[in-house]
Amino acid sequence: MSKSIPTREDNYSEWYNEIVKRADLAEHSPVRGCMVIKPYGFAIWEKMQKALDDMFKETGHQNAYFPLFVPKSFLELEEQHAEGFAKECAVVTHYRLKSNPDGKGLIVDENSRLEEPLVVRPTSEAVIWHSYKNWIQSWRDLPVLINQWSNVVRWEMRTRLFLRTSEFLWQEGHTAHETEAEALEETGKMLGVYAEFVEQWMAVPVLQGVKTASERFAGAIDTYCIEALMQDGKALQAGTSHFLGQNFARSFDVKFVNKENELDYPWATSWGVSTRLIGALIMAHSDDKGLVLPPKLAPIQVVIVPIFRTDEDLAKINEKVEPLLAELKAKGIPYKYDDDDKYKPGYKFAEYELKGVPVRMAIGLRDLENGTIELARRDELSKQTLPFDGIVGHIESLLAEIQQNLYDRALSFREANTFSVDTWDAFKARIEQGGFVLAHWDGTDETEEKIKQETKATIRLIPLNSIEMAGKCVYSGKESAKRVVFARAY
RNA sequence: CGGGGUGUAGCGCAGCCUGGUAGCGCGCACCGUUCGGGACGGUGAGGUCGGAGGUUCAAAUCCUCUCACCCCGACCA
């Protein structure tokens, strides 16, 4: 294995792939477009899950689990939905194999054809709304606030580790409400939860807004989203929250009796984030030396490397370090004491840098004499020697500082790469450079499509709370009420 | 689906053009010296060359077919 990683400047996608592999996050599986998430990568996902799950519970949701298989007829019920997902569905048509009469191996037993094909869920609206028909009879049954942690399969043309895989892990919230206002409030609330998570935990600033019709979730009235800017200037959709109106209720014939004793259709939302967030995390913070993790999501926040030659040396260091480890444990700071004698310190240093551990400490005999410890931070790649006593207090504030520093850094980057343009020439030039481009748009699908064809840029979102400032569409010159955000995207 | 590429030891690759004992680096095992930024020397283990056919005295190498994966596009979270 070579020791250097391709740089971001040389080849961004190669750099990305190398980080994923070298930091031991994931690897390609034998199945096209699928990945094996390795323990270190999965530990990050578990941290994400924990934080998000707490936030979902906090906002009144419960977890449930619905089946992997969706009868084809269910998927067909909501027309837009069916059309949107049809092209990327894995379909189960048989339930049995048999030995190949011609020789070795197994073949599909044609006698086991299913009466109705089962679609491996690309998303669960269909199965879930089928259940909701039985769950919802009265306004007293509402709201239904359900979340599910699951895997889904979308047979994508082109895949990339974490960013787009045929199978991915995610959570999907599916709620039903008495009124439109309530459902809209839910949609906004969950978008807010996502924004808070991505900014506070992942240390990645996001823009919030609503998608244009062409980028809308299949079957939704409106799709709200958060968008983040990656270091190569491309945008990444980090989460979506959909206002589904009464579309699914009507399609699945879910009705309830309201307070006025009238039959009505409940109003729905759905919202999700996926393991793609790990891709976002990598591309937002990491550098040419490897992964950089925000402390709040780092499986190991602090690693301590003893520098020793002999068992006696190690014993002395162990003795010194023991109370420190106990204190870290008591404070709930995930740490690793790496007293493994199979690798040398230099090797370990490089390894933990590759894995993005936020804080690294080294302690050797020299430190024992001086009452010091060496402390290095991953975000700035700096190190200093500090008094051993009281080091845990220092670590605590340092972890908070690193978390904040990563966010600030990403925010400055985004600000430095967000531009307003008013002419078509300026637009084209700017899009080439990457970044978010704020420009006027006439609101038509045709213009949006033309811009996409000519520049590969899409409208990432229409900002929610931006000031209305009329102008002329950058492409057609027609009237526009406010600027929208363009970018090339993942 | 279009374009490009790759399948040879656990990983990364050379060998193929011009057929003739399957090689290198890393990793791995053992021994010794090392150990505060990816150590060094020595010894050693490890491969039916993606698969199937064909040509040939002889195929990793030539021919045909096939499978898989990766990268770049179109599609998407």
Side-chain angles (χ1 to χ4, degrees), chain A residues 1-5 11-14 16-18 21-22 27-35 84-89 103-105 122-123 151-172 194 211 214-218 223 225-228 235-242 270-280 289-290 305-311 313-314 317 339-354 360-370 372-374 376 381 383 385 452-453 456 458 460 489-490:
Chain A
M1 195 195 282
S2 84
K3 275 165 188 166
S4 59
I5 306 173
N11 187 336
Y12 196 82
S13 30
E14 209 178 303
Y16 174 82
N17 278 331
E18 278 301 305
K21 286 177 200 159
R22 299 275 289 277
E27 61 190 23
H28 286 288
S29 85
V31 182
R32 192 207 85 103
C34 291
M35 65 176 167
F85 284 103
K87 287 172 294 182
E88 51 190 45
C89 287
K104 289 171 195 158
T123 178
N151 59 342
V152 286
V153 169
R154 297 184 188 175
W155 216 265
E156 301 287 356
M157 292 296 182
R158 207 162 101 56
T159 57
R160 297 193 66 190
L161 291 166
F162 288 114
L163 296 176
R164 177 166 300 105
T165 43
S166 301
E167 179 194 16
F168 56 93
L169 305 185
W170 77 344
Q171 62 62 221
E172 43 180 332
Y194 288 156
K211 287 289 188 193
S214 72
E215 299 271 329
R216 196 176 286 155
F217 175 76
T223 287
C225 66
I226 52 174
E227 292 278 333
L236 184 78
Q237 180 172 307
T240 47
S241 183
H242 314 294
S270 71
W271 26 274
V273 295
S274 71
T275 34
R276 166 179 263 201
L277 288 179
I278 295 176
K289 285 204 175 266
V305 179
I307 316 283
F308 61 98
R309 226 160 292 185
T310 63
D311 287 348
D313 292 352
L314 180 59
I317 296 168
D339 58 355
D340 196 329
D341 65 355
K342 293 197 280 289
Y343 298 101
K344 292 176 52 178
Y347 181 91
K348 293 177 184 176
F349 294 169
E351 195 61 25
Y352 292 115
E353 265 160 23
L354 201 49
R360 184 190 73 231
M361 293 192 284
I363 182 162
L365 293 185
R366 208 162 68 202
D367 293 297
L368 293 193
E369 278 172 32
N370 302 336
T372 56
I373 192 161
E374 183 188 88
L381 285 169
K383 59 184 177 184
T385 300
K452 184 176 173 182
Q453 278 170 11
K456 293 182 193 160
T458 50
R460 301 320 300 157
Y490 276 99

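Here is how names work: the chains are called A, B, and so on, in the same order as the sequence lines, proteins then strands, and each is numbered from 1. These numbers come from the heavy atoms of this one structure, side chains and all, not from hydrogens, waters or symmetry mates.
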* Atom P, compared across B:G19 and B:G27: separation rounded to whole Å -> 37 Å
* Is there a side-chain polar atom (N or O) of A:S13 under 4.0 Å from OP1 or OP2 of B:C72? -> yes
* Complement of B:C1, any strand, by Watson-Crick or G-U distances under 3.5 angstrom -> B:G73
* Asked: Hey, are A:R360 and A:E351 close enough for a salt bridge, meaning a charged N less than 4.0 Å from a carboxylate O?
  -> no
* Structure fact -> Note: for A:L354 and A:L163 on RNA chain B, the residue whose nearest nucleotide lies more 5' is A:L354
* **Pairwise C1' distance, B:G53 and B:C13 [rounded to whole Å]** => 29 Å
* Structure fact -> Hits for ring pair (Phe, Tyr, Trp, His ring centres under 6.0 Å) against A:F162, two or more places apart or cross-chain, chain-then-number order -> none
* To do: Please name all residues satisfying ring pair (Phe, Tyr, Trp, His ring centres under 6.0 Å) with A:W155, sequence neighbours left out, ordered by chain then number.
  => none
* Asked: Of A:N17 and A:F85, whose closest RNA chain B nucleotide lies nearer the 5' terminus?
  -> A:N17
* Have a look at A:E156 and say if it touches a base, only the backbone sugar-phosphate, or nothing, with a 4.0 Å heavy-atom cut-off. => base
* Structure fact -> In Watson-Crick or G-U wobble terms, with both distances under 3.5 Å, the base opposite B:U6 is B:A68
* Structure fact -> Re B:C40: Watson-Crick or G-U wobble partner, both distances kept under 3.5 Å, found to be B:G32
* With C1' as the reference atom in both, quote the distance from B:G47 to B:G73 in angstrom, rounded to an integer. => 37 Å
* Asked: Whom does B:U56 pair with, Watson-Crick or G-U wobble, provided both distances fall under 3.5 Å?
  -> none
* To do: Starting at atom OH of A:Y490, determine the distance to atom C1' of B:C72, rounded to an integer number of angstrom.
  => 13 Å
* Contact class for A:T159 vs. all strands (heavy atom < 4.0 Å): base, sugar-phosphate, or nothing? -> sugar-phosphate
* Asked: Can you name the residues that form a ring pair (Phe, Tyr, Trp, His ring centres under 6.0 Å) with A:Y12, not counting sequence neighbours?
  -> A:W15
* Structure fact -> Pairing partner of B:G23, by Watson-Crick or G-U wobble and under 3.5 Å for both distances, is B:C13
* Asked: For A:T372, which residues count as a side-chain hydrogen bond (donor to acceptor under 3.5 Å, both in side chains) partner, sequence neighbours excluded?
  -> A:D367
* Quick one: label A:T123 by what it contacts on the DNA or RNA (base, sugar-phosphate, nothing), any heavy atom closer than 4.0 Å. => nothing
* Identify the nucleotide, in any strand shown, that forms a Watson-Crick or G-U wobble pair with B:A45, with both distances under 3.5 Å; if there is none, say none. => none
With 3.5 Å as the limit, what N/O pairs link the protein to nucleotides 33-37 of chain B?
unit_1, atom_1, unit_2, atom_2, d
B:C35, N4, A:R309, O, 3.4
B:G36, O6, A:G364, N, 3.3
B:G36, O6, A:G364, O, 3.3
B:G36, O6, A:L365, N, 3.2
B:G36, O6, A:R366, N, 2.8
B:G36, O6, A:D367, N, 3.3
B:G36, O6, A:D367, OD2, 3.4
B:G36, N1, A:G364, N, 3.4
B:G36, N1, A:D367, OD2, 2.4
B:G36, N2, A:D367, OD2, 3.2
B:G37, N7, A:K383, NZ, 2.6
B:G37, O6, A:R360, NH1, 3.3
B:G37, O6, A:R360, NH2, 2.4
B:G37, N1, A:E353, OE2, 2.6
B:G37, N2, A:E353, OE1, 2.5
B:G37, N2, A:E353, OE2, 3.3

* Would you indicate what A:F217 reaches in the nucleic acid, counting non-hydrogen atoms under 4.0 angstrom: base, sugar-phosphate, or nothing? => nothing
* Sequence neighbours left out, what passes side-chain hydrogen bond (donor to acceptor under 3.5 Å, both in side chains) with A:E369? Give chain and number order. => none
* Asked: Taking the six-membered ring of A:F85 as reference, does the NZ or CZ atom of A:R154 fall below 6.0 Å from its centre and within a 45° cone about the axis?
  -> no
* To do: Describe the nucleic acid contact of A:S274 in one word from base, sugar-phosphate, nothing, applying a heavy-atom distance below 4.0 Å.
  => base
